[in-house]
Novice: 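What follows is a structure written as structure tokens; I'll ask about it next.
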Amino acid sequence: MSTEIAPLTSGLALGHLLRDEVLVGGRWRTGTGAVIDTVDPSTGVTFAHLHAATVEDVDEAVRAGERAALESGWRAALPHERAGVLRRVGDAIERRAEEISALQTLDTGKTRGETLALAHSAAATFRYTAAALETLEDQVTPPRGPYLTIATWEPVGVVASITPWNSPIASDAQKIAPALAAGNAVVAKPPAWAPWVTLLLARITEEAGLPPGLLSVLPGPGRTVGEALASHPRVGKLTFTGGTTTGRHLAHVAAEKLMPATLELGGKSPTIVFDDADLTQAIAGVLYGIFSSTGQSCIAGSRIFVQRTIFDDVVARLVEATRRLRVGSGTDPRTQVAPLVSHSHRDQVAAMVDAAVADGAQVLIGGGVPADPELADGAYYLPTIIGGVDNSARICQEEVFGPVAVVLPFDDEEDLIAMANDSDYGLASGIWTADYRRIHRIAGRLVAGTVYVNTYKQFSISTPFAGVRDSGVGVEKGREGIRSYMRQKSIYIDLSGEPLPWAAEQARAVDPTSTGS
Ligand code: NAD
């Protein structure tokens, strides 16, 4: 082991959740891979070690999952039977929400308020999925002959779920719940930076009665464990959330196997303030859109477009309001901007801001680490607003995934649409205006999977979520989210009792019971 483990500083009893074990095909055991040091980003202190899984574990987990789905009866179980287990998982998550929240804050640095909300949202995802599962219907389609035709759905087999570190419990639930609901087994690969919550979720599913082997959790490096999982021949579907570069690579892996893949990727989302907007509402929403989760959100509203007539006023207000945001540890209930997930990620964010400045950008607020000596050891970066750039600048085109926004003026709707859509990404967007006709016009023209109007970063499990362009392929959430883990099958059942006419004569001629009349 590379580092001594310091005692947990959170004061919460989490030690029992930090067992050095991964879950492979129904068996908890020490991973056979390299040791992962898990670090509290608010202090830089290593709080636990975990042996990662390996490529061999992937094969064992996939094959065990396939067996478990068949032998436990999960694949053949009726919807209400699977729904019963999923509901119990949801209830158990709810009961243990404080524990999940504390663990996730320790692992990712996020505020307790946010991780608690994520835990409740994961519980809701399991419950919603259970309810929606019971409403999914097969179809009897209109026949064109003497037969009954049924369009039905069946599980794909084993689902590979590969997730990032920014909202582990929510990303896991969003994938694992519908994949299990559809009758599949799941092999989950959480990120090395934040593996603990996914392991806890697996313990919760076991306690709620999910048959052993149906869910494996293999934390480990993407390039080995993740790659082996996505390319495993017995995996029938990939669901991935993460960066666009990784997603594009995995799309090739999936294409090679002719395997369906849902890819939820990065973003550089525009948030747009028109001069008729309620500015108090707009400023609160814009700040929340970019600086909550310390900007580590795929839909972070990182490009702030402000109509030129109010640009100076709005930018001044944004800067002043940003100065008042409370930066601190995620365990302090007053904190709004917590540390980033790791020191290396913080340094990467800082390097992107420095590069923008070297290219001529102006830092209007932030642009460095906090001066507070109490925060010196954590992975902190001040909420930052950058001006003096145009939309083609790298800082306006590349995802920072940190608390960094650019402000850009626009003159009219045409000018705005041209700039807002001038991006490789198309994940989310926000509009702040009082004009409902404009809302309708602009929402239709923005290239984005989600449009928020006078609000931002709201989520509902019943509402589909998808990205376009480099932000992804496929849809999660909603009833269709469950269907995405199934494949369709058509069944034709003869109702006539007659041989098909084309070879009826020949068939009758060779039928020994035929009278030949
Ligand atoms: P990442 O792409 O580096 O890693 C994501 C996951 O993929 C991790 O588990 C990683 O280990 C694994 N991985 C890496 N290389 C792999 C490979 N070759 N084969 C298989 N697996 C591999 O992303 P990240 O830095 O962890 O997360 C941040 C990114 O995720 C941002 O771009 C963010 O926008 C995106 N994200 C998107 C959404 C969405 O819903 N669209 C949500 C959250 C985060």
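On a predicted model such as this, the values are computed, not experimentally measured, just so you know. All ligand and atom numbering here is 1-based and tracks the order in the structure.
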Novice: Does a side-chain heavy-atom distance below 4.5 Å link Val341 with Asn166?
Specialist: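 Not in contact.
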
Novice: With no hydrogens and no angle check, just 3.5 Å: does a side-chain donor-acceptor pair link Thr271 and Tyr452?
Specialist: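 No - no donor-acceptor pair under 3.5 Å links their side chains.
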
Novice: If only atom types and distance count, is the side chain of Asn391 paired as donor or acceptor with the main-chain N or O of Asp422 below 3.5 Å?
Specialist: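 Yes, the answer is positive, given that a donor and an acceptor are paired below the 3.5 Å cut-off.
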
Novice: Do Ser302 and Glu399 meet the criterion of a side-chain donor-acceptor pair at a distance under 3.5 Å?
Specialist: no

Novice: What is the closest protein heavy atom to atom 8 (C) of ligand 1, and at what distance does it sit?
Specialist: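 I find the closest protein heavy atom is Thr163 O, 3.3 Å.
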
Novice: Nearest protein heavy atom to atom 11 (O) of ligand 1: under 4.0 Å?
Specialist: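 Under 4.0 Å from atom 11 (O) of ligand 1, at least one protein heavy atom found.
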
Novice: Hydrogens and angles aside, do Asp57 and Thr54 bring a side-chain donor and acceptor to less than 3.5 Å of each other?
Specialist: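 Thr54 and Asp57 do have a side-chain donor-acceptor pair below 3.5 Å.
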
Novice: Looking at ligand 1, would Trp193 count as a contact under a 4.0 Å heavy-atom criterion?
Specialist: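 The answer is no, since Trp193 has no heavy atom less than 4.0 Å from ligand 1.
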
Novice: Under a 3.5 Å threshold, yes or no: a donor from one side chain and an acceptor from the other, between Lys457 and Ser292?
Specialist: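 Lys457 vs Ser292: donor-acceptor pair found between side chains.
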
Novice: Among all protein non-hydrogen atoms, which one is nearest to atom 27 (O) of ligand 1, and what is the separation to 0.1 Å?
Specialist: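 Its nearest protein heavy-atom neighbour is Pro164 CB, 3.3 Å.
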
Novice: Could you find the nearest protein heavy atom to atom 22 (C) of ligand 1 and give me its residue, atom name and distance?
Specialist: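 Nearest neighbour among protein heavy atoms for atom 22 (C) of ligand 1, to 0.1 Å: Gly222 CA, 3.4 Å.
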
Novice: Does Asn166 approach ligand 1 within less than 4.0 angstrom via side chain, backbone, both or neither, non-hydrogen atoms only?
Specialist: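 Side chain only.
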
Novice: Can you name the atoms of ligand 1, numbered from 1 with element, that are less than 4.0 Å from a heavy atom of Gly243?
Specialist: 1 (P), 2 (O), 23 (O), 29 (C), 30 (O), 32 (O)

Novice: So is Glu227 polar-close to ligand 1, meaning N/O to N/O under 3.5 Å?
Specialist: yes

Novice: If hydrogens are left out, which of Thr246, Asp470, Thr241 has an atom nearest to atom 5 (C) of ligand 1, that is, the closest non-hydrogen atom?
Specialist: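 Going through Thr246, Asp470, Thr241 one by one, Thr241 has the nearest heavy atom to atom 5 (C) of ligand 1.
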
Novice: Quick test: of every protein heavy atom, which one is nearest to atom 24 (P) of ligand 1, and how far off is it to 0.1 Å?
Specialist: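 Atom 24 (P) of ligand 1 sits closest to the protein heavy atom Trp165 NE1, 3.5 Å.
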
Novice: Can you tell me which residue among Arg234, Arg67, Arg27 is in a salt bridge (charged side-chain N to carboxylate O under 4.0 Å, His left out) with Glu60?
Specialist: Arg27

Novice: Using a 4.0 Å cutoff against the non-hydrogen atoms of Leu427, which atoms of ligand 1 qualify?
Specialist: 41 (N)

Novice: Just how far is it from atom CD1 of Ile100 to atom CD1 of Ile169, taken to the nearest 0.5 Å?
Specialist: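 These two atoms lie 4.5 Å from each other.
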
Novice: Do Lys268 and Ser423 have side-chain atoms, one donor and one acceptor, less than 3.5 Å apart?
Specialist: no

Novice: State whether the shortest distance between N or O atoms of Gly226 and N or O atoms of ligand 1 falls below 3.5 angstrom.
Specialist: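 Gly226 vs ligand 1: no N/O contact under 3.5 Å.
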
Novice: Do me a favour and list the nearest non-hydrogen protein atom to atom 35 (C) of ligand 1 with residue, atom name and distance?
Specialist: Gly242 O, 3.1 Å

Novice: Checking side-chain polar atoms at under 3.5 Å, does Thr262 have a donor or acceptor matched by the opposite partner on Lys237?
Specialist: yes

Novice: Are Glu264 and Lys175 close enough for a salt bridge, meaning some N to O gap below 4.0 Å?
Specialist: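 Answer for the salt bridge query: no.
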
Novice: Measuring from atom 36 (N) of ligand 1, which candidate in Ala300, Cys298, Ser293 has the nearest non-hydrogen atom?
Specialist: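 Nearest option to atom 36 (N) of ligand 1, by heavy atoms: Cys298.
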
Novice: Can you sort out which atoms of ligand 1 are near Pro191, meaning under 4.0 Å from one of its heavy atoms?
Specialist: 9 (O)

Novice: Which atoms of ligand 1 sit under 4.0 Å from any heavy atom of Leu250?
Specialist: 19 (N), 20 (C)

Novice: Considering heavy atoms of the protein only, find what lies nearest to atom 32 (O) of ligand 1 and give residue, atom and distance to 0.1 Å.
Specialist: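 Protein heavy atom at minimum distance: Glu399 OE1, 2.6 Å.
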
Novice: Give yes or no for whether the N/O distance cutoff of 3.5 Å, strictly under, is met between Arg223 and ligand 1.
Specialist: no

Novice: At under 4.0 Å between heavy atoms, is it the side chain or the backbone of Ile299 that contacts ligand 1, or both, or neither?
Specialist: neither

Novice: Using a plain distance cutoff, I'd like to know if Leu265 has any nitrogen or oxygen under 3.5 Å from a nitrogen or oxygen of ligand 1.
Specialist: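 N/O-N/O distance below 3.5 Å exists for this pair.
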
Novice: Looking only at the side chains, is there a donor atom on one of Thr335 and Thr111 sitting less than 3.5 Å from an acceptor on the other?
Specialist: no

Novice: So, is Lys189 polar-close to ligand 1, with some N/O to N/O distance under 3.5 Å?
Specialist: yes

Novice: About how many Å separate CG of Leu318 and CZ of Phe291, when rounded to the nearest 0.5 Å?
Specialist: 8.0 Å

Novice: Side-chain donor-acceptor pair under 3.5 Å between Asp59 and His232, yes or no?
Specialist: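 Asp59 vs His232: donor-acceptor pair found between side chains.
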
Novice: Closer than 4.0 Å to some heavy atom of Ile162 - which atoms of ligand 1 meet that?
Specialist: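 Close to Ile162: 6 (C), 7 (O), 9 (O), 12 (C), 20 (C), 21 (N).
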
Novice: To the nearest 0.1 Å, how far is atom 28 (C) of ligand 1 from its closest protein heavy atom, and which atom is that?
Specialist: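 The answer is Phe401 CE2, 3.6 Å.
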
Novice: Taking heavy atoms and a distance under 4.0 Å, where does Gln296 meet ligand 1: side chain, backbone, both or neither?
Specialist: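 Neither part.
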
Novice: Can you classify the ring geometry of Phe47 versus Trp196 as parallel (below 30°), tilted (30 to 60°) or perpendicular (above 60°)?
Specialist: tilted

Novice: With a 4.0 Å heavy-atom cut-off (strictly under), which part of Glu476 contacts ligand 1: side chain, backbone, both or neither?
Specialist: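 Under 4.0 Å from ligand 1, Glu476 contributes no heavy atoms.
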
